[in-house]
**Q** 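Here it is, the structure, as structure tokens.
We count residues from 1, following the sequence as given.
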Amino acid sequence: MAPRLDFSNWWTKDAQKGTPVVVKMENPTFSVVEINGADAAFRPVEKSRGKNAKQVTWVLLLRAHRAVGCVTWLATVLWALLGAIKKRLIHGRGVVMESESDKLEKGKLLFKIIRVFLVTSLAVLAFEVVAYLQGWHFGNPTLHIPRTSDLEGFLHLAYVAWLTFRAEYIAPAIQALSKFCVVLFLIQSVDRMLLCLGCFWIKYRKVKPKIDGDPFKSDDVEGSANNYPMVLVQIPMCNEKEVYDQSISAVCGIDWPRDRLLIQVLDDSDDESIQWLIKAEVSKWSQKGINIVYRHRLVRTGYKAGNLNSAMSCDYVKDYEFVAIFDADFQPNPDFLKRTVPHFKDNPELGLVQARWSFVNKDENLLTRLQNINLCFHFEVEQQVNGVFLNFFGFNGTAGVWRIKALEESGGWLERTTVEDMDIAVRAHLNGWKFIFLNDVKTSILVYAYHDYLYVHLKSLEFSQEFVKSVNFQVPCEIPESYEAYRKQQHRWHSGPMQLFRLCLPAIVKSKVSAWKKANLILLFFLLRKLILPFYSFTLFCIILPLTMFVPEAELPLWVICYVPVFMSLLNILPAPKSFPFIVPYLLFENTMSVTKFNAMVSGLFQLGSSYEWVVTKKAGRSSESDLLAAEERETKSIEQQKIHRGASDSDLIEPQKFMEHKEAAPTTVKKTNKIYKKELTLAFLLLTASVRSLLSAQGVHFYFLLFQGVTFLLVGLDLIGEQMS
């Protein structure tokens with residue numbers, strides 16, 4: 001048993017320093033004595049536990065046990081990492097390299113530049129390790145360079161020449177670039193702080209758009225339906241076999257007068273079997289009295305923008321005042337229109353009402369947790385603050401209601417970029433239209449999936465096969481679970497705005513809006529949040545920081561590496577407080593994603609081929625357990641009320657049989673594989689090399705940051721974050 005620690009001797013030592021004390025008593029029988037201290041015979045014996053051999057042994061054993069535990073934990077983590085690398089590189093024959101699957105081979109130039117930095121850093125590291133072993137001291141910015149006459153040998157001369165060249169030519173350039181990036185970093189940090197202060201003010205004052213009374217209420221009961229405006233609902237989709245029927249049924253369930261509502265199903269699918277299924281679903285709801293139409297384009301150009309523009313060209317659209325847009329995987333609540341359309345009444349300048357998204361699979365893996373932090377900050381802070389103070393934000397492309405007049409006056413949907421939603425929002429803002437963001441109105445997604453457990457359970461309850469097919473998995477919005485899908489999504493989201501900025505800049509300058517609105521669009525909306533953020537994040541933390549390890553004269557201060565980034569990460573996590581334990585992974589992962597964002601920003605700004613790519617984000621078809629049980633309970637009650645018999649006519653089995661036939665006829669899905677990303681792996685080795693160099697200079701914080709950042713790049717480069725296909 002380990003001995004008990006006693007710290008009482010720490011303060012008893014000072015108490016034993018005797019001070020002169022004079023004691024006086026009346027009628028004393030003894031003389032006055034001056035006491036300078038305790039007698040040696042009565043002085044307490046000072047016991048030093050450190051002198052006990054057994055106790056020393058216990059302390060050493062305890063420390064050794066802790067050290068062995070730490071070493072064991074590190075060894076376990078390292079072994080697991082090496083095992084994952086082995087599976088990827090040695091046994092992963094099905095693993096695809098990024099360049100092999102990338103037809104346009106985007107980012108080749110960036111990869112070459114990073115590779116040059118890596119080779120140069122390895123050469124410099126080997127050179128300086130030799131110098132370190134020779135006993136030369138380097139790394140001090142105030143280093144006194146010895147004269148060549150004091151040294152002998154070619155290696156000594158080369159090392160002195162390198163120190164001189166580094167101090168006179170390389171260091172000033174790196175210092176200038178680092179100062180420029182630090183200034184941009186501070187400006188962007190101030191912008192984030194102002195947004196957070198605005199969000200705090202909105203929460204404190206409880207500011208939000210309100211509806212006064214019931215705008216559609218009328219004393220005339222028979223004519224009350226005429227008070228509802230004409231609303232057009234559009235559902236653009238493309239090969240959405242998993243979610244098409246649930247999204248259509250959810251939109252058809254919106255609480256709105258049927259004669260004041262028209263639903264357009266805009267199908268761009270190139271698979272005839274999926275087209276047939278969507279047509280059958282539309283026909284089923286049309287027979288139930290729902291005003292719904294099916295549209296399919298023969299010439300599929302312009303992606304989603306072309307699909308929406310084609311639908312708006314119909315003659316009957318002129319009879320409608322508003323249009324609500326939902327992507328194929330979104331589920332509007334029945335009261336969605338009643339909570340959004342009333343904001344347009346008595347507000348003729350309002351052009352858009354945007355609802356917020358929610359996410360079902362935010363806790364699925366580490367990747368989804370980190371995405372949830374960014375998206376919560378985007379909706380809770382950026383869009384809400386901009387909507388309250390500026391009446392402008394970027395349209396999210398779905399879950400929003402537009403005034404058709406605003407779309408027409410702004411030029412309609414254009415096919416010039418892959419971010420058609422941001423394009424129409426900017427043009428509408430330049431035309432004087434205002435936007436409203438409803439943070440308390442959340443839309444959710446309908447995901448279709450065959451859940452094995454539920455299927456077996458429903459069969460055991462003797463539910464019909466048709467019901468098993470028609471169960472609605474109502475879940476919140478889904479975010480990418482694999483790094484490949486998330487990477488492609490972020491590339492489109494960051495290349496499109498830069499491409500749009502090139503196209504919109506002349507229109508912004510020539511527009512008749514105020515100078516403040518022009519400055520907000522150019523400086524804040526586009527440059528600061530779309531261009532500067534990925535530029536300084538990649539340049540400062542992925543290029544300059546590792547280079548400063550080889551050029552100590554340009555070393556970055558500690559507050560740039562540690563204090564400010566951690567503080568900004570805390571601000572980003574505030575809208576999602578449950579994600580606080582992931583603050584360090586979030587900081588490291590954001591720096592890792594800066595490579596993709598920087599590459600996308602450059603491709604969009606200079607109109608490279610990859611900026612025109614449109615990749616539909618893959619859906620995993622997640623559904624929560626509570627949603628499954630709720631759907632089961634609702635269907636159980638419905639069956640009991642309707643008293644459905646076990647027998648069924650032949651006509652009732654036609655649709656399920658046809659559905660199963662199309663399902664069997666569908667081509668087999670190609671097996672998915674994880675990928676290896678060259679740029680991320682190259683940067684991982686560059687950062688790890690710089691961390692080794694920082695050890696020679698005894699730079700603690702720099703070493704740990706570079707080490708963990710390099711490991712993060714390594715995990716991402718091997719596609720070990722997110723969904724594992726194997």
Side-chain angles (χ1 to χ4, degrees), residues 183-184 187-188 190-192 194-195 198 302-306 308-309 312 325 348-354 378 381-397 400 402-437 491-536 597-598 600-608 611-612:
V183 171
L184 297 180
I187 293 175
Q188 198 269 340
V190 171
D191 176 62
R192 287 293 175 100
L194 293 177
L195 288 175
Y303 302 111
K304 182 180 178 180
L308 294 173
N309 189 38
M312 294 298 294
I325 302 173
E349 296 181 351
L350 184 60
L352 168 67
V353 175
Q354 175 70 62
H378 173 68
V381 180
E382 289 183 345
Q383 291 208 319
Q384 185 174 207
V385 172
N386 290 329
V388 171
F389 292 98
L390 302 176
N391 296 120
F392 167 72
F393 48 83
F395 176 46
N396 295 329
W402 277 94
R403 190 188 296 271
I404 295 181
K405 182 180 179 181
L407 291 177
E408 294 175 347
E409 291 185 355
S410 303
W413 301 100
L414 300 181
E415 307 171 10
R416 56 183 181 175
T417 67
T418 58
V419 284
E420 74 293 330
D421 44 8
M422 185 181 295
D423 188 1
I424 187 63
V426 171
R427 287 184 281 115
H429 180 61
L430 294 178
N431 285 330
W433 293 99
K434 297 181 179 180
F435 303 163
I436 285 180
F437 180 78
H491 186 276
R492 180 169 61 89
W493 285 5
H494 286 81
S495 64
M498 286 296 95
Q499 185 183 7
L500 178 63
F501 177 64
R502 289 175 55 96
L503 299 174
C504 286
L505 184 58
I508 295 174
V509 175
K510 297 178 182 179
S511 63
K512 298 180 180 180
V513 298
S514 62
W516 159 247
K517 290 185 177 181
K518 292 181 181 179
N520 174 65
L521 275 175
I522 297 175
L523 299 179
L524 294 181
F525 187 76
F526 279 111
L527 291 182
L528 183 60
R529 297 168 188 167
K530 302 296 187 298
L531 187 147
I532 291 178
L533 178 59
F535 171 77
Y536 85 76
K597 296 176 181 179
F598 178 81
M601 180 268 294
V602 173
S603 66
L605 188 62
F606 296 101
Q607 293 185 342
L608 302 180
S611 62
Y612 293 93

**Q** Report yes if the side chains of Gln383 and Asn396 come closer than 4.5 Å at any heavy-atom pair, otherwise no.
**A**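 With C-beta onward as the side chain, the pair touches.
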**Q** Distance from Leu531 atom CG to Met601 atom CE, nearest 0.5 Å?
**A**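 It is 4.5 Å, given to the nearest 0.5 Å.
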**Q** Using side-chain heavy atoms (C-beta onward) and a distance below 4.5 Å, is Trp402 in contact with Ile424?
**A**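 The answer is yes; the side chains approach within 4.5 Å.
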**Q** Output side-chain donor-acceptor pairs under 3.5 Å for residues 501-513, partner residues at least two apart or in another chain, one line each.
**A**
unit_1: Arg502; atom_1: NE; unit_2: Leu605; atom_2: O; d: 3.4
unit_1: Arg502; atom_1: NH1; unit_2: Leu605; atom_2: O; d: 2.9
unit_1: Ser511; atom_1: OG; unit_2: Ile508; atom_2: O; d: 2.7

**Q** For the atom pair CG (Leu184) and CD1 (Ile532), what is the distance rounded to the nearest 0.5 Å?
**A**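 Answer for the CG-CD1 pair, Leu184 versus Ile532, is 5.0 Å.
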**Q** Of the non-hydrogen atoms in Gly397 and Lys304, which two are nearest, and what is the gap between them?
**A**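 Taking every non-hydrogen atom into account, O-NZ, 2.7 Å.
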**Q** Return the CG to CG distance between Leu414 and Asp423, rounded to the nearest 0.5 Å.
**A**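 One finds 5.5 Å between CG of Leu414 and CG of Asp423.
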**Q** Step through the shown structure and confirm whether more than 12 heavy atoms of other residues, nucleotides or ligands are within 6.0 Å of CZ on Phe389.
**A**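 Check passes, neighbour count above 12.
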**Q** Where do Leu527 and Leu523 come nearest, in terms of heavy atoms and distance?
**A**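 Looks like CB-O, 3.6 Å.
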**Q** Would you compute the distance between atom CZ of Phe535 and atom CG of Leu528 and round it to the nearest 0.5 angstrom?
**A**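 Going from CZ on Phe535 over to CG on Leu528, the span is 13.5 Å.
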**Q** Walk me through whether Ile404 and Met312 qualify under side chain to side chain contact (heavy atoms under 4.5 Å, CB included).
**A** CA-CA 9 Å; Ile404 295 181; Met312 294 298 294; 4.0 Å; yes
**Q** Who are the ring pair (Phe, Tyr, Trp, His ring centres under 6.0 Å) partners of Phe393, not counting sequence neighbours?
**A**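 Partners of Phe393 by the ring pair (Phe, Tyr, Trp, His ring centres under 6.0 Å) criterion, ordered by chain and then number, come out as Phe435, Phe437.
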**Q** With sequence neighbours excluded, give me every side-chain hydrogen bond (donor to acceptor under 3.5 Å, both in side chains) pair touching residues 514-531.
**A**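 Listed once each, the pairs are Asp191-Arg529.
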**Q** Quick one: CG on Leu430 to CG on Leu521, what's the gap to the nearest 0.5 Å?
**A**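 Nearest 0.5 Å value for the CG-CG distance: 6.0 Å.
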**Q** Check Ser410 against Trp433 and note the closest heavy-atom contact, atom names and distance.
**A**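 Minimum heavy-atom separation between Ser410 and Trp433: OG-CD1, 4.1 Å.
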**Q** Distance from Asn431 atom CG to Leu407 atom CG, nearest 0.5 Å?
**A**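 Asn431 CG to Leu407 CG: 11.0 Å, rounded to 0.5 Å.
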**Q** Where is the tightest heavy-atom contact between Leu350 and Arg403, given as atom of each residue plus distance?
**A**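 The answer is O-NE, 2.8 Å.
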**Q** Checking side chain to side chain contact (heavy atoms under 4.5 Å, CB included) for the pair Gln607/Met498: CA distance, chi angles, key distance, verdict?
**A** CA-CA 9 Å; Gln607 293 185 342; Met498 286 296 95; over 6 Å; no
**Q** Run the side chain to side chain donor-acceptor pair (under 3.5 Å) check on Asn391 and Glu349 step by step: do they pass?
**A** CA-CA 10 Å; Asn391 296 120; Glu349 296 181 351; over 6 Å; no
**Q** Please give me the minimum heavy-atom distance between Trp413 and Asn309, naming the atom from each residue.
**A**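 In terms of heavy atoms, the two residues are closest at O-CG, 3.6 Å.
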**Q** Walk me through whether Leu533 and Arg192 qualify under side chain to side chain contact (heavy atoms under 4.5 Å, CB included).
**A** CA-CA 11 Å; Leu533 178 59; Arg192 287 293 175 100; 3.9 Å; yes
**Q** Within the structure provided, determine whether Tyr303 and Glu420 are in side-chain contact (heavy-atom separation under 4.5 Å).
**A**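 Tyr303 does not reach Glu420 side chain to side chain.
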**Q** Of all heavy-atom pairs between Ser603 and Ala600, which one has the smallest distance, and what is that distance?
**A**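 The pair with the smallest heavy-atom distance is OG-O, 2.7 Å.
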**Q** Quick one: are His491 and Thr418 in side-chain contact, heavy atoms under 4.5 Å?
**A**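 Sidechains of Thr418 and His491: no contact.
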